[in-house]
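Presented below is the structure to which this report refers.
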Protein chains: 2
Amino acid sequence: MKQESESKRKLLETAMEMIWESSYGSVSVDDICTKAGVNKGSFYYAFKSKSDLAVAAFERHWEHKRPLMDKIFSSQIPPLERLDNYCQSIITSQKEKYQTFGKMLGCPYCSLGSELSTQDEKIRLKADEMTKRMLKYVESLVRDLAAEGLIEVKDPAELAQEVFSYVTGVLMQAKIENNVHHVERLQHGIMRLLGVKNLTAAAS
Amino acid sequence: MKQESESKRKLLETAMEMIWESSYGSVSVDDICTKAGVNKGSFYYAFKSKSDLAVAAFERHWEHKRPLMDKIFSSQIPPLERLDNYCQSIITSQKEKYQTFGKMLGCPYCSLGSELSTQDEKIRLKADEMTKRMLKYVESLVRDLAAEGLIEVKDPAELAQEVFSYVTGVLMQAKIENNVHHVERLQHGIMRLLGVKNLTAAAS
DNA sequence: CTTGCATTATACCAACCAGTCAACTAAGTT
DNA sequence: AACTTAGTTGACTGGTTGGTATAATGCAAG
């Protein structure tokens, strides 16, 4: 039941890549099928709609990214180092995409969410789910920073949300400006937002 | 030369509204023409492409919004009050759109930019131009806050960019979550990011 | 009245869109 | 060998897409 067939896997992979690089609206089912080398009939055997595929592709992407995220945000790592690793991973992946596609792609969940939240409720809910998952990592991080006395915070959940909103905002601006620069200064802004007391190590 | 005909005006107005409510990809030229009560021939007489219309519609939207922005960010107003007015204007307009359309619409420039920056260079450049215009207001604000000794900042331009990225991030998250709440707490996050010393007045 | 030009209206296009379908294959299972 | 199940194929549908060609209008100057 859970073993996904080769063509289903290929469709999910291709769809994720194409939607991330372009947008949901500018990629057609035919485009995806052609690039994936899968027949359109097979597409609609595997997924009941284009929108369904997008949701499934995002879930798959998350499942593949999760081990790395678990590692980056591991409680075994001091919170400030966690933050550093998180920022570095974003910079690395964004730069890699930039080299591959010749342009900044930003956060896929947010791009799709921003495009279709008002149009497709299932996609909005998925994007919302994705952001909430990421938020959990940031919440633990904020709480651990507070526990170590590195920051002062009344409402850790709210601060985490602020940090995460900031991160996604920076990624969006980087996409619009088509420039890595803001992403490279991501950590600086986060440190300021958190109000980390000892700035010697990480903030430039 | 500059006087725009009635149908051109109607097209720009309708396009802005429809693209903001839905998305560029999910609104067709026919949709816009029908709703604007303008014939398709007139559309392609006035604009040479759908993408051109979008760019023009955004420019028009900016021109109409500018007087309000100039007023909000007037140097005559103390910087902290400017910030408060800015946040209030965002909350008000977002709530108004929420009541009209039954959903959060976020920032139109950013939504379109996020959707099409990798697809349409003219649209990306326009979105980039829009954000840079807004950034100028925030830059002056940050500098004036520093001049009054309310914040400490080494690079005002960078802090302004951070604040603006945060604002757009919050608007995007509000759209994805379809919830005004984060927008209502916008000022709280900005104050923390700025590191305003005297929090008594504005931050709850 | 007529010429010329700025609009606007109508009809049309080929390409493309998401989605459907009956026929087919291949690999078990009995 | 007969039957079931899971997956594949490619042609097909009906509607929509952005964009065009051209005719009809209005209207102001000569």
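Remember, it's a predicted structure, so these values are computed and weren't measured experimentally. All values below come from the heavy atoms of this structure, side chains included, with hydrogens, waters and symmetry mates left out. Proteins come first, then strands; the chains are lettered A, B, ... in the order of their sequence lines, and each starts at number 1.
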Report yes if a side-chain nitrogen or oxygen of A:Asn39 is closer than 4.0 Å to either non-bridging phosphate oxygen (OP1 or OP2) of D:dG10; otherwise report no.
yes

Ignoring backbone atoms, test whether B:Tyr45 places a side-chain nitrogen or oxygen under 4.0 Å from the OP1 or OP2 oxygen of C:dT8.
no

Count the heavy atoms of every other residue, nucleotide or ligand shown that sit under 6.0 Å from CD of B:Glu152, and state whether that count exceeds 12.
no

Listing, residues 163-180 of chain A side-chain donor-acceptor contacts under 3.5 Å, not counting sequence neighbours, or none:
| unit_1 | atom_1 | unit_2 | atom_2 | d |
| --- | --- | --- | --- | --- |
| A:Ser165 | OG | A:Gln161 | O | 3.0 |
| A:Ser165 | OG | A:Gln161 | NE2 | 3.2 |
| A:Thr168 | OG1 | A:Phe164 | O | 3.3 |
| A:Thr168 | OG1 | A:Ser165 | O | 2.9 |
| A:Thr168 | OG1 | B:Gln173 | NE2 | 3.2 |
| A:Gln173 | NE2 | B:Thr168 | OG1 | 3.2 |
| A:Lys175 | NZ | A:Ser111 | OG | 3.1 |
| A:Lys175 | NZ | B:Ser114 | O | 2.6 |
| A:Glu177 | OE1 | A:His182 | NE2 | 2.9 |
| A:Glu177 | OE1 | B:Lys132 | NZ | 3.3 |
| A:Asn178 | OD1 | A:Met104 | N | 2.8 |
| A:Asn179 | OD1 | A:His181 | N | 2.9 |

note: A:Lys8, atom NZ; D:dA6, atom P; distance rounded to Å ~ 13 Å

Rounded to whole angstroms, how far apart are NZ on B:Lys10 and P on C:dT7?
19 Å

Non-hydrogen side-chain atoms of B:Leu159 and B:Ile151 separated by less than 4.5 Å:
yes

4.5 Å side-chain heavy-atom contact, A:Leu80 and A:Met191:
yes

Test item: side-chain donor near acceptor, B:Asn39 and B:Ser42, under 3.5 Å
no

Taking A:Glu63 first and then A:Arg9, would you say they form a salt bridge - that is, a charged N and a carboxylate O separated by under 4.0 Å?
no

Residues from residues 115-124 of chain B lying under 4.0 Å of DNA chain C - heavy atoms:
none

Footprint string (nucleotides 14-21 of chain C, 5' to 3'): B base within contact, S backbone only, - free, heavy atoms under 4.0 Å
---SBBBB

